[in-house]
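Okay, structure first, notes after.
Model, not experiment: these values are computed from the prediction. All residue numbers in this chain count up from 1 along the given sequence.
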Amino acid sequence: MFTGIIESVGKVKSMQSTGGDIRLTIESDGLDFSDVKLGDSIASNGICLTVVDFGSNHYSVDVSRETIARTALEDLKPGHIVNLEKAMLPTTRFGGHIVAGHVDGVGVVSKLQKDARSIYIEIEIPKELAHYTATKGSITLDGISLTTNLVRDNIVSLNIIPHTAQVTNIAQHWLVGDKVNVEVDIVARYLERLLNKSQEDTANISPQSNITEAFLADNGFMK
């Protein structure tokens with residue numbers, strides 16, 4: 001699990017095709033690698049990926065075809081800046097919101113402009129994800145825990161404060177037309193599942209009947 005609070009940014013060092021999958025190597029001078037082990041999870045632009053190799057300032061992960069198909073990872077190129085967050089510990093301060101690192105879809109930056117000292121951004125998210133979002137709710141974009149200003153249809157608007165812009169890839173990388181990884185609030189997903197399950201259970205319950213064998217016999221339906 002993650003919080004969506006970015007620990008550092010990294011740079012794509014290489015992307016190698018390996019039998020249809022991708023071996024992705026990211027280097028970062030800002031991420032603390034002192035406690036990184038093989039098999040650890042690091043959210044890279046919001047994608048939970050497993051470390052298969054690492055050094056003092058870099059790590060490598062294998063990316064499956066499923067992950068490639070569901071994220072904006074295929075658009076990355078060597079030199080691109082990505083947001084990094086190691087998996088949270090039980091003692092970690094929960095500064096953002098619950099983030100699984102499981103990308104739900106890909107959004108597109110449709111508007112980006114200065115708004116006083118912050119950056120006003122609009123993201124067009126997939127229509128099937130729109131009902132999981134809410135005004136002043138939580139959303140994860142490229143691994144960043146953000147609060148929505150407003151949700152109109154499938155357009156999510158946000159204001160990015162200077163600190164967030166500086167410590168993530170937003171100020172350095174995001175442009176109109178860019179694709180971003182979207183993870184909706186996991187609580188909304190579970191609520192939908194629970195509500196649907198409750199409705200299914202209700203529909204499958206047979207109504208109780210007062211008609212018994214004795215009733216049928218007394219009213220001439222049985223001899």
Side-chain angles (χ1 to χ4, degrees), residues 1-89 92 96 98-109 123-129 132 139-146 167-186 189:
M1 300 296 290
F2 306 91
T3 68
I5 303 300
I6 302 305
E7 295 182 62
S8 178
V9 293
K11 182 181 293 186
V12 176
K13 183 178 181 181
S14 64
M15 296 181 70
Q16 299 175 325
S17 179
T18 55
D21 295 340
I22 290 177
R23 172 66 62 90
L24 172 65
T25 300
I26 295 172
E27 55 185 5
S28 173
D29 293 325
L31 192 69
D32 180 11
F33 284 88
S34 63
D35 59 351
V36 172
K37 304 183 297 297
L38 289 179
D40 280 357
S41 296
I42 298 180
S44 311
N45 263 11
I47 312 167
C48 178
L49 297 170
T50 301
V51 175
V52 297
D53 186 31
F54 69 97
S56 60
N57 72 336
H58 74 275
Y59 67 96
S60 297
V61 294
D62 286 328
V63 187
S64 70
R65 294 173 66 182
E66 169 71 7
T67 300
I68 295 168
R70 289 183 173 272
T71 68
L73 186 144
E74 198 169 31
D75 287 350
L76 291 181
K77 299 289 188 297
H80 273 198
I81 304 299
V82 293
N83 300 313
L84 307 178
E85 182 189 358
K86 294 184 292 187
M88 65 181 295
L89 301 171
T92 302
I98 300 173
V99 177
H102 302 155
V103 174
D104 294 302
V106 176
V108 178
V109 179
I123 307 289
E124 183 179 350
I125 66 173
K127 294 184 186 301
E128 63 271 18
L129 298 180
Y132 295 112
I139 193 168
T140 306
L141 300 175
D142 269 1
I144 312 165
S145 173
L146 296 168
V167 300
T168 67
N169 66 354
I170 293 177
Q172 304 175 66
H173 182 61
W174 285 20
L175 298 170
V176 171
D178 280 351
K179 295 177 182 178
V180 294
N181 295 313
V182 178
E183 181 182 335
V184 297
D185 190 349
I186 194 171
R189 277 203 170 278

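- Checked by atom type and distance alone, the side chain of Asp40 never pairs as donor or acceptor with a backbone atom of Val51 at under 3.5 Å.
- Among pairs with a residue in residues 77-87, those fulfilling side chain to side chain donor-acceptor pair (under 3.5 Å) read Thr3-Glu85, Asp35-Lys86, Asn83-Asn169, at least two apart in sequence or across chains.
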### Task
Please test Glu7 against Leu84 for side chain to side chain contact (heavy atoms under 4.5 Å, CB included), starting from the C-alpha separation and ending with a verdict.
CA-CA 6 Å; Glu7 295 182 62; Leu84 307 178; 5.8 Å; no
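- When all heavy atoms of Gly10 and Ser28 are compared, the pair lying nearest together is CA-CB, 3.9 Å.
- When the options Leu76, Leu73, Ile6 are evaluated for a side chain to side chain contact (heavy atoms under 4.5 Å, CB included) with Val82, the one that passes is Leu76.
- Between Met88 and Phe2, the shortest heavy-atom contact is SD-O, 4.2 Å.
- Asn57 places no side-chain N or O within 3.5 Å of a backbone atom of Asp29 that could act as its donor or acceptor partner.
- Summarising the geometry, atom CD belonging to Glu183 is positioned 10.5 Å from atom CG belonging to Leu141; distances are rounded to the nearest 0.5 Å.
- Scanning both residues, Cys48 and Ala100, for their nearest heavy atoms gives CB-O, 4.0 Å.
- For Asp185, there are no salt bridge (Lys or Arg N to Asp or Glu O under 4.0 Å) partners at least two apart in sequence or on another chain.
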### Task
Walk me through it: do Thr168 and Trp174 pass the test side chain to side chain contact (heavy atoms under 4.5 Å, CB included)?
CA-CA 10 Å; Thr168 67; Trp174 285 20; over 6 Å; no
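- For Val99 against Gly4, the heavy-atom pair with the smallest separation is CG2-N, 3.8 Å.
- Arg70 meets the side-chain hydrogen bond (donor to acceptor under 3.5 Å, both in side chains) test with Glu66; sequence neighbours excluded.
- In terms of modelled atom types and a separation under 3.5 Å, the side chain of Asn181 and the main chain of Gly46 share no donor-acceptor contact.
- Proximity of a side-chain donor or acceptor of Glu27 to a complementary backbone N or O of His58 within less than 3.5 Å is not detected.
- When every heavy atom of Ser44 is checked against every heavy atom of Tyr59, the shortest pair comes out as OG-OH, 2.7 Å.
- In terms of the side-chain hydrogen bond (donor to acceptor under 3.5 Å, both in side chains) criterion, Gln16 has no residue partners (sequence neighbours excluded).
- Evaluation of the side-chain hydrogen bond (donor to acceptor under 3.5 Å, both in side chains) rule for Asp21 yields no partner, not counting sequence neighbours.
- Remark: Gln172 CD is packed, more than 12 non-hydrogen atoms of other residues, nucleotides or ligands lying under 6.0 Å away.
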### Worked verdict on Val182 versus Thr140 for side chain to side chain contact (heavy atoms under 4.5 Å, CB included)
CA-CA 6 Å; Val182 178; Thr140 306; over 6 Å; no
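- Without hydrogens or angle criteria, Ser60 side chain to Thr25 main chain gives no donor-acceptor distance under 3.5 Å.
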### Candidate pair Leu175 and Val109, rule side chain to side chain contact (heavy atoms under 4.5 Å, CB included), full reasoning
CA-CA 7 Å; Leu175 298 170; Val109 179; over 6 Å; no
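- Looking at residues two or more places apart in sequence or on another chain, you find a side-chain hydrogen bond (donor to acceptor under 3.5 Å, both in side chains) between Asp62 and Arg23.
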